[in-house]
Amino acid sequence: MEYNFRAIEKKWQEQWEQSHAYRVSNDSPKPKCYVLDMFPYPSGAGLHVGHPLGYIATDIYARYKRLKGFNVLHTMGYDAFGLPTEQYALETGQHPAVTTEQNIKAFREQLDNIGFCYDWDRQVTTSDPSYYKWTQWIFLQIFESWYNRETQKAEPISTLISLFEQNGNAGHICPGDRTIQFTAAEWKSYGETEQRNILMQYRLAYLAHAEVNWCAALGTVLANDEVVNGVSERGGYPVVKKKMSQWFLRITEYANRLLEGLETVSFSDAMKEMQRNWIGKSQGAEIKFALKNSTENIEVYTTRPDTIFGVDFMVLAPEHDLVKSITTPEQQGEIDKYLEYVQSRSERERMADVKQITGCFTGAYAINPFDGREIPVWIAEYVLAGYGTGAIMAVPCGDQRDFGFAKHFNIPITNIIGDAFNGEEANATKDAKLQNSGFLNGVDMKTATDIVISKLEEMGIGKRKINYKMRDAGFSRQRYWGEPFPIVYKNGIPYAMDEKDLPLELPHVENYKPGAEGEGPLANITDWVNVAPGVKRETNTMPGYAGSSWYFLRYMDPHNKHTFADRKATDYWNQVDVYVGGTEHAVGHLLYSRMWTKVLYDLGHIGFQEPFKSLINQGMIGGSSRLVYRVRGTHQYVSHGLKDQYETDELHVDVNIVDGVELDTAAFKKWKPDFADATFILEDGKYICGVQLEKMSKRLFNTVNPNDLVEKYGADTFRMYEMFLGPVEQSKPWDTKGIEGVHRFLKKLWRLFADEQKGIIVNEQVPTPEELKILHKTIQKIDHDTNGFSYNTAVSQFMICVNELATLRCHKRAILEPLLILLTPYAPHLCEELWQYLGNNESILNALYPVYNEEYTKESAFNYPVAINGKTRSEMGFPLDAAVADIEQAVLGNEIVQKWMEGKAPKKVIIVKGKMINVVV
RNA sequence: GCCCAGAUGGCGGAAUUGGUAGACGCGCUAGACUCAAAAUCUUGUUUCGGCAACGGAGUGCAGGUUCGAUUCCUGUUCUGGGCACCA
């Protein structure tokens with residue numbers, strides 16, 4: 001009886017499916033546990049070995065929790081809307097819906113191969129109308145809400161209207177436009193258009209104008225990803241900014257709650273830090289500077305109001321509204337030239353290029369409110385319109401970027417920090433005593449901050465302000481393959497569609513070309529757009545993150561036709577207990593889904609406001625590419641070690657035809673027609689490939705398909721090998737080499753149970769203390785490591801355990817049966833098979849997890865490392881309960897110790913019980 | 001540029017709270033079984049010196065704290081991820 005993994009895995013996968021072994025009920029007396037994977041985008045490339053890393057980890061955890069007596073929700077779905085499918089459609093004419101369906105089928109096949117315990121009855125697909133009906137519904141909830149800063153939560157827009165009817169907007173700051181102020185009487189006098197326009201400035205989903213990457217040559221809006229070095233990736237055409245009307249989510253209203261919520265969840269500190277930095281809360285002041293010869297003001301936000309006497313110039317973002325009105329005629333030409341230059345620059349380039357200093361003087365001067373000094377006003381690309389007020393006061397002696405700017409443009413620098421400023425570089429100190437600072441002279445900076453703010457508030461030209469770096473989330477895409485907005489425009493004013501008319505289905509199109517003005521392809525379907533005279537649909541679609549912002553709720557109640565998920569179901573499953581996915585989603589997806597959850601909570605639709613109780617970030621699996629070297633101008637390929645003797649070109653070669661680093665030259669010739677007549681210059685009779693670590697990608701021929709490995713070694717081996725590679729959280733390059741070792745381990749384990757000739761060899765003998773010690777050490781370690789997602793060390797412990805049991809020739813049921821249960825989460829097929837051989841009728845999936853008993857693992861003595869001056873020189877064994885004085889005496893009497901002490905007297909003897917001994921001389 | 005993370009043998013990695021660096025596996029090495037191969041089992045494997053006993057060095061780099069540092073602190077280099085329309 002040998003380990004025939006192919007038959008075993010097929011048998012049990014069919015068995016589990018037939019018996020609905022992984023179906024989960026929303027009604028169970030057991031405690032619940034919700035284990036979630038980040039669902040994949042079903043790309044045409046299929047799954048590679050990087051994808052299942054997190055899935056296997058959660059699968060092990062889900063199975064472990066089930067054995068521990070939990071009712072576990074664990075399921076899978078597809079994040080199916082997105083750009084690549086649409087691009088594929090543009091290239092091939094293949095409809096995205098068709099491509100998506102094919103891709104999902106391929107993904108499912110690959111996933112099934114690995115033996116996951118998903119409840120597939122709960123699968124969701126974001127591009128399915130029965131799913132995006134509720135994405136649209138939630139969007140409308142957001143659209144029909146505003147954020148009440150008094151109550152600190154989202155409320156229906158109707159509560160805002162009643163407020164307006166009673167008091168106008170007195171006592172409120174309108175989040176969208178702070179200049180809006182009106183009384184109740186005024187509100188009532190407004191027409192519908194005016195009222196709706198005001199409400200738009202409050203809504204949590206609102207329309208505003210924002211810039212997009214516009215490529216005139218392609219006639220389309222491009223994603224940042226499609227723009228490379230300022231030109232389009234396709235065709236290399238110029239890309240400029242274009243303002244378009246777009247939907248936004250007012251996530252900034254939730255900034256503080258998103259920040260505070262982090263205290264209640266268990267994410268890694270790094271992850272929390274990244275989110276905090278993204279939210280970017282800072283305290284400072286907003287200050288109005290009057291302009292010389294003008295009635296307008298420049299409003300700046302600064303975290304350092306104490307340095308106000310050191311302001312030597314002001315900088316506006318090039319997009320700032322004031323630029324047009326304050327530029328003097330003499331400077332107009334220069335400014336126009338500069339604005340044209342900035343048009344071509346991406347935000348990333350503008351922030352990253354610090355060596356290259358650019359800017360342009362507007363000709364205007366601001367006035368320092370305290371000493372009346374005239375301050376030149378510049379524009380420069382390093383100031384971004386979206387942050388703060390889009391204008392800064394520049395203090396060159398205290399800020400390095402301002403300093404560089406002043407030096408570059410020869411702007412005189414005022415030193416307000418005395419000796420702390422050396423004239424060579426800025427000093428951002430907060431501890432100096434101020435100089436050259438009028439009434440603040442001699443005051444230390446920390447005190448000055450409060451003085452300045454009070455004074456500004458007194459003068460009515462400034463106030464204390466908390467600022468967030470985070471901006472509202474753009475929610476429109478000029479694309480086809482996304483959720484249509486459930487919005488119609490009547491005479492240009494957006495209205496929510498009636499709930500009963502949802503879903504608004506994505507109409508079928510034949511053509512994925514953009515609309516005339518760069519709108520999405522939907523704009524071309526005129527009979528869909530024009531609902532009635534004067535009534536038009538929104539032609540943009542929602543972004544990729546819409547569907548993924550709430551899918552974890554739909555899993556709880558995926559077939560519900562009346563609501564996105566029944567309240568009973570969301571109350572039962574509640575927060576996701578463990579969420580596993582890559583750090584690349586650290587800010588985007590995680591912040592958006594946290595916000596959506598909070599909105600739904602505020603509106604009373606669910607009972608919790610943080611979606612994910614704990615989060616584990618799986619590392620990326622990198623590709624390890626293989627390279628061959630073609631001698632230039634020939635069909636001759638030279639081995640890596642000899643390539644320096646020739647002039648060569650480097651080519652990527654499919655990693656699947658390379659064994660380690662040795663190229664299968666026959667397979668290479670067959671790989672592509674170009675290589676059919678290849679000849680090789682070998683070293684030691686072999687062709688050795690170069691190795692390069694990079695992203696795993698189809699283009700680099702370094703992807704490894706899990707199917708191939710499952711076929712060769714079986715799913716159980718594949719699962720354990722992926723876990724054995726290293727910590728789940730750590731990024732690492734893929735290397736198939738070591739998989740043999742794990743496969744050998746499973747075969748060795750099999751041989752503890754079964755013999756090729758004799759069949760099952762498990763006996764009923766009573767285990768020895770030694771065997772029990774091995775078992776219980778293993779129980780302890782596996783339980784601990786499985787619970788803590790430390791799967792690589794768990795696999796290692798299984799190996800140690802099996803090695804030791806094999807040495808002892810232990811085939812005892814009392815030892816092997818508990819071991820099998822421990823291993824089930826890792827290698828479910830093999831364990832189920834052996835479990836059945838042991839005569840169990842019930843599936844091992846529902847077995848009881850073994851309990852660790854300390855009695856069996858107790859040690860009575862310890863072999864101490866003995867160090868002299870911190871260097872280990874010997875070992876000495878002592879009972880654990882030996883008296884310190886006795887140990888000391890024995891150690892000092894030891895021959896080796898005495899040799900190393902060289903006759904000197906010990907200064908100190910350090911004895912740590914059960915750890916080590918160190919003699920200091 | 002900014003934010004976050006990582007760096008340990010030929011390779012993946014291990015090392016409770018600061019306490020024997022290199023567990024486990026791969027690869028390599030020598031051997032057993034075999035006509036042979038596969039499979040399996042056994043031996044050795046950080047590096048340098050030495051037949052060995054043993055000794056020196058050693059966790060990216062440079063410092064520091066400590067009886068003792070892969071672990072804590074300061075600085076630095078390199079690599080990976082993110083930076084708001086890829087998912």
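Here is the naming used below: chain letters follow the sequence lines, and residue numbers restart at 1 for every chain.
Nearer to the 5' terminus of RNA chain B, by closest-nucleotide assignment, is the contact made by Glu740(A) (compared with the other of Arg751(A) and Glu740(A)).
The same atom, P, is picked in rA39(B) and in rU45(B); the two are 24 Å apart, to the nearest Å. The P atoms of rG18(B) and rC11(B) are separated by 29 Å, rounded to the nearest whole Å. Distance check on atom C1': rG10(B) versus rC4(B) gives 31 Å, rounded to whole Å. Comparing the same atom, C1', in rU17(B) and in rC26(B) gives a spacing of 33 Å after rounding to whole Å. Separating the C1' atom of rU70(B) from that of rA23(B) is a span of 15 Å, rounded to the nearest Å. If you take atom P in rG68(B) and the same atom in rG19(B), they sit 14 Å apart, rounded to whole Å. As rounded to the nearest Å, rG9(B) and rA5(B) have C1' atoms that lie 24 Å from one another. Straight-line distance between the P atoms of rC28(B) and rA15(B): roughly 27 Å, to the nearest whole Å.
When each of rC41(B), rC67(B), rG27(B) is scored by its nearest atom to the side-chain atoms of Arg744(A), the top-ranked nucleotide is rG27(B).
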Fill in the blank from the handout: Once base and sugar-phosphate atoms are separated, protein heavy atoms under 4.0 Å mark nucleotides 14-24 of chain B, 5' to 3', with B, S and - as S----BBS-BB
Fill in the blank from the handout: Protein heavy-atom contacts under 4.0 Å, written 5' to 3' over nucleotides 77-87 of chain B as B (base), S (sugar-phosphate only) or - (none), form the string ----SSBBBBB
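Nucleotide rA32(B) is matched to rU40(B) when pairs are restricted to Watson-Crick or G-U wobble geometry with both distances under 3.5 angstrom. The base-pairing partner of rG18(B), taking Watson-Crick or G-U wobble contacts with both distances under 3.5 Å, does not exist among the strands shown. With a cut-off of 3.5 Å on both Watson-Crick or G-U wobble distances, the partner of rA62(B) is given as rU74(B). Pair assignment for rU46(B) gives rA57(B), based on Watson-Crick or G-U wobble hydrogen-bonding distances that are each under 3.5 Å. Using Watson-Crick or G-U wobble geometry with both donor-acceptor distances under 3.5 Å, rA5(B) finds its partner in rU79(B). rA23(B) makes up no base pair with any nucleotide shown, lacking Watson-Crick or G-U wobble contacts both under 3.5 Å.
Trp481(A) and Phe81(A) have perpendicular rings, their planes meeting at more than 60° on a 0 to 90° scale where under 30° would count as parallel. By the 30° and 60° cut-offs, the orientation of the rings of His51(A) relative to His48(A) is tilted.
With contacts defined as side-chain heavy-atom distances shorter than 4.5 Å, the pair Gln478(A)/Gln246(A) qualifies.
Contact annotation: Arg873(A) side-chain N/O to rC54(B) OP1/OP2 distance is not under 4.0 Å.
Results of the ring pair (Phe, Tyr, Trp, His ring centres under 6.0 Å) test with Tyr721(A) over Tyr713(A), Tyr826(A), Tyr791(A), Trp734(A) single out Trp734(A) as the only residue that passes.
Sorted by first and then second residue, the salt bridge (Lys or Arg N to Asp or Glu O under 4.0 Å) pairs involving residues 728-744 of chain A (not counting sequence neighbours) are Asp659(A)-Lys737(A).
With its glycosidic angle more than 90° from 0, rG18(B) adopts the anti conformation.
Rounding to the nearest 0.5 angstrom, the gap separating the OG1 atom in Thr583(A) from the CD atom in Gln618(A) is 8.5 Å.
A cation-pi arrangement is present between Arg250(A) and Tyr206(A) under the rule of less than 6.0 angstrom and at most 45 degrees off the ring axis.
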